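To start, the structure under review is shown below, and the notes come after it.
In what follows, chains are A, B, ... by sequence order, proteins preceding strands, each numbered from 1. Everything quoted here is computed from the prediction, not taken from an experiment.
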Amino acid sequence: MSVAVEHPNIGPSAASGSGDVMTLHDVKVHYPVKEGVLQRVTGAVRAVDGVDLSIRRGQTLGLVGESGCGKTTLGRVIAGLVPATGGDIWFDLDDSSKLLMERLRAIPKDSMSREDKALWSQLESNHRLGSMSRERQRIYRRNCQFVFQDAFASLNPRQLVRDIVGRPLRVYHEASGNDLDLKVINLLERVGLGPQHLLRYPHQFSGGQRQRISIARALALNPEFVVLDEPTSALDVSVQAQILNLLVELQEDLGLTYLFITHDLGVVQHMSDYLAVMYLGKIAEIGPTEDVFSNPLHPYTKVLRDSNPSLEGDDLDGSAHLRLTGTVPNPIDPPQGCRLHPRCPVSQPECGWQVDDMFQSLETSTPASFETITRVERSGPFAAQLVMTDDAAARHLHEEITSSRSPFGRAVETITLDGANVSIRLREVEEIPLIPVAPGRMSSCLLAGRPGGINPPSESR
Amino acid sequence: MMNSDDWLLRVEDLSVHFRTPRGVVQAVDHVSFEVKPKETLALVGETGCGKSVTARSIMKLVPEPPGEYASGAVLLRNLKTGAVTDMLSAPMDQVRATRGDRIAMIFQDPGKALNPSLTIGRQLAEVFGEHRAAMLLTQAGIDPEKGPIGSGSIASQRAGVLRRNFFHLTRRGHSRAIRAAVDDAVMSALSDTGIPNPRKVMSSYPHELSGGMKQRVMIAQALACDPDLLIADEPTTALDVTIQARILDLINDMQQRRGTAILYITHDLSLVRQFADRLAVMYAGRIVESGPALEVLKSPQHPYTQGLLAAIPRAGTPRGKLAAIAGSVPQLIDPPAQCHFSSRCTWCAEACTSHIPKLIHMPGDRDVACLRFEQADSIGVDPSDMPSHVASAEVVS
């Protein structure tokens, strides 16, 4: 599936032309879970689980999601701080090489012609993270910088500001001695500090000033792309405004591209051209920021928007708001199909209900019949045989499930009763992909393309 | 504001100082406000403005030393009898009896506020053991006036201890009955907060629960004894926005049902609009503005409140054009006698650096501490040294 969204050309376009700074295809980061004395790998935390994304030059892509959704990990992968365990990350693809990359990727490796193979390996050595030549690797490292969330933890407490901000310059042999000091002073002035701050330690600064130092360090090598990982979430509102203004000013002056990671919808709405909403390792929705806010095409986006308290607006009527139920599922064993469906207010039978979801819903809705289950024999995520305490309990459960009008109840394909045994087979569902639903917009909700959209049935009728 | 007789909590001229090697930090500096029964007062301010210290002072939870209650009183009125207690000067056993019973508190980080080594059931039982021992005994069919437990020994800290004592002192049947009564009370407190499976939650430890669930447990614990006043100190700051919305719905709902007054401490002005009846804005240890929440948000008068509201990014603000407040919060170690906001204020004039502005009462039940609303002759300053004047009549219109 192609990931190229038709981006309208908005925002400042840098001198180096258009194209993607970063292109991600099916990127995965799985952290192994080890157990026992032998530290055997028993599973994986799927922090990022198949993300397709492209970041256009000169624009700001906002990445929002709740804690644990994988947004920081995604930022780190893009910045090369964490290796991806699957998928490809491409750096600095202009439009023609992106087309080439997409054409070649579609061809299976063994049926590639000789010329195509040569082109592919050239493309990889120039642009693909992990296969880049040393020279290109250096360019990538210089051009992709990171601003961390906690400015205090990310500044070495035993180093002077001069050394902290000057270090990238020294590592890349850009400057030394007096020249270095002058360059550092220049950088400090760029971010609103001055030469008087050169010989101080991080603890002598306030939170806002520390974040300015972090930004100065990130800008030292004149990068074109900066990953901002919650740069203002530790700051007070009045200081946050200062930093946000500074970031916008720097972007306009230096033609920077930002990936702005945050959980604050107000900030992301203010800062970004494009918005990607993440939930449990996957992108739920992506599109131009204003459109995503005014007309969300994924229930999760709508819930986030409605949950965000605002200073103005018409949200005094709290009843119309969507709310999620339950808690975030375990990323070691995320739900099949749509990741949101067990908590979704508008879930459908085809969202990917599985045996585990069934137990959860039984446990909360009818704890009495849940407690009569004595044994479960699974045959895959969508089918299982339940052994009940007695025939009556089995009949009762059978009745309960067949009469259920919930999306889960309607997802049951076959249910058979045999004495105290109940066999149940649920509708099998593949992963639900992120698909284009409107010009420039993608959503991974089944309802997004349907008439009535993602609104609850009562609203749409 | 201070005249009516219809109040529950009245903080009068409270000052809290902290002695440090570098000098005295005036964390709370002559703060006065009151909370009426059943209302929600939001105390808003940025990091280090003294809002949490104010909240803790109400419960007398500021550690002494280094803390010190330099002046003032925290008066709590018993709504039934009309008796007034000063939390700061009352004897400690009376303070302890009030905490958790008539004033309860929800803390910012539920992960830190719950005891990691006790099950949820045990922790909640403590509250009942401390404040509702008599009720539990009655429910268990034991006359609290009689029996070996008698008067004083009820004051065991934990219901667990309570149970053990009963086991020795009374018959086995009593012990079982008490256990059932405690469990019932805990169960109903938990299910009141919308916890779907209270029996399972009771036997789990805090680390087994999610952040939202822990905060629900905290709320259940706080509201267990039907307090008159609930102090919520940034109850949702550590939570995600979707969980925050549900917790706030819950607090709101509990308030509607029980008529608890809430003192809501937060740094987030956008939460205030949804929840608060009245709003008090703190800056550098002082209240700079207070009044009905919607009015203050609609037409803020103090330069700090104005700046704070303008600094919040919202739809329609052009990018990069946020009105940031220049500078940063001043140090509160032995601060000079001046308006603490003067160094960041655009209206700052000569008089602002030599006078502490007092809260000036204005029409519409609003108060502002800014010299722009003060008359030059009333504080004895040359009019040319004053910032540009605003007549209080302009505020209401």
Side-chain angles (χ1 to χ4, degrees), chain A residues 60 64-69 206-209 234-249 251-252 263-273 290 293-294 300 303-313 315-316 318 321 323-328 343 363-365 367, chain B residues 44-49 194 196-197 199-200 209-213 236 238-246 248-249 252-253 266-275 283 294 297-298 304 307-329 331 344:
Chain A
T60 303
V64 282
E66 295 178 285
S67 47
C69 74
S206 68
Q209 285 174 318
L235 304 176
D236 278 319
V237 188
S238 64
V239 182
Q240 166 177 286
Q242 295 172 6
I243 298 291
L244 293 182
N245 283 347
L246 172 70
L247 288 171
V248 172
E249 189 192 311
Q251 181 172 38
E252 279 166 4
H263 66 271
D264 188 324
L265 283 126
V267 170
V268 89
Q269 187 173 16
H270 179 74
M271 289 294 288
S272 59
D273 305 305
E290 283 315 311
F293 270 93
S294 58
Y300 183 65
V303 169
L304 272 186
R305 188 194 68 179
D306 291 351
S307 306
N308 194 41
S310 76
L311 271 174
E312 66 255 317
D315 59 355
L316 285 171
H321 286 175
R323 293 274 195 264
L324 294 182
T325 52
T327 54
V328 181
R343 309 176 66 197
E363 192 179 354
T364 48
S365 63
Chain B
V44 182
E46 294 182 293
T47 316
C49 73
N197 199 342
R199 193 166 283 282
K200 191 171 154 196
L209 304 177
S210 68
M213 203 63 118
T236 59
L239 304 176
D240 278 320
V241 60
T242 56
I243 312 288
Q244 163 176 293
R246 279 162 59 198
L248 291 175
D249 285 351
N252 216 10
D253 179 48
T266 181
H267 67 274
D268 193 345
L269 269 172
S270 38
L271 289 179
V272 170
R273 196 180 124 263
Q274 274 172 294
F275 289 98
Y283 183 76
L294 291 179
L297 292 179
K298 207 169 71 190
Y304 176 64
L308 207 55
L309 277 165
I312 298 174
R314 45 184 122 188
T317 324
R319 199 176 298 172
K321 298 286 187 297
L322 285 174
I325 306 175
S328 52
V329 183
Q331 290 274 334
R344 305 172 78 184

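Looking at residues two or more places apart in sequence or on another chain, you find a side-chain contact (heavy atoms from CB on, under 4.5 Å) between A311(B) and V237(A), A241(A).
For the pair R246(B) (side chain) and S307(A) (backbone), a donor-acceptor distance under 3.5 Å is absent.
Ranked by heavy-atom pairs under 4.5 Å with chain B, the first of L304(A), V248(A), N245(A), L235(A) is N245(A). When each of V239(A), L324(A), I243(A) is scored by its heavy-atom pairs under 4.5 Å with chain B, the top score falls to L324(A). Contact count against chain B (heavy-atom pairs under 4.5 Å) is highest for S272(A) among G68(A), S272(A), G208(A). Contact count against chain A (heavy-atom pairs under 4.5 Å) is highest for P313(B) among G211(B), P313(B), A310(B), P318(B).
Neither the backbone nor the side chain of K298(B) comes within less than 4.5 Å of any heavy atom in chain A. Looking at S210(B), only its side chain comes within 4.5 Å of chain A, counting heavy atoms on both sides. Interface remark: Q240(A) contributes side-chain atoms only to the contact with chain B (heavy atom separation under 4.5 Å). Interface residue Q242(A): backbone and side-chain heavy atoms are both found under 4.5 Å from chain B. Interface remark: S294(A) contributes no atoms to any contact with chain B (heavy atom separation under 4.5 Å). In this structure, chain A has a heavy atom under 4.5 Å from the backbone of A326(B), while its side chain stays farther away. With a threshold of 4.5 angstrom between heavy atoms, E46(B) approaches chain A through its backbone and through its side chain. Only the side chain of R343(A) comes within less than 4.5 Å of a heavy atom in chain B; its backbone stays farther off.
Tested against R319(B), the residues D273(A), L244(A), L247(A) include a single side chain to side chain contact (heavy atoms under 4.5 Å, CB included) partner, D273(A).
Side-chain contact between T317(B) and H270(A) is present, with at least one heavy-atom pair separated by less than 4.5 Å.
The OG atom of S238(A) sits 12.0 Å away from atom CG of L309(B), with the distance rounded to the nearest 0.5 Å.
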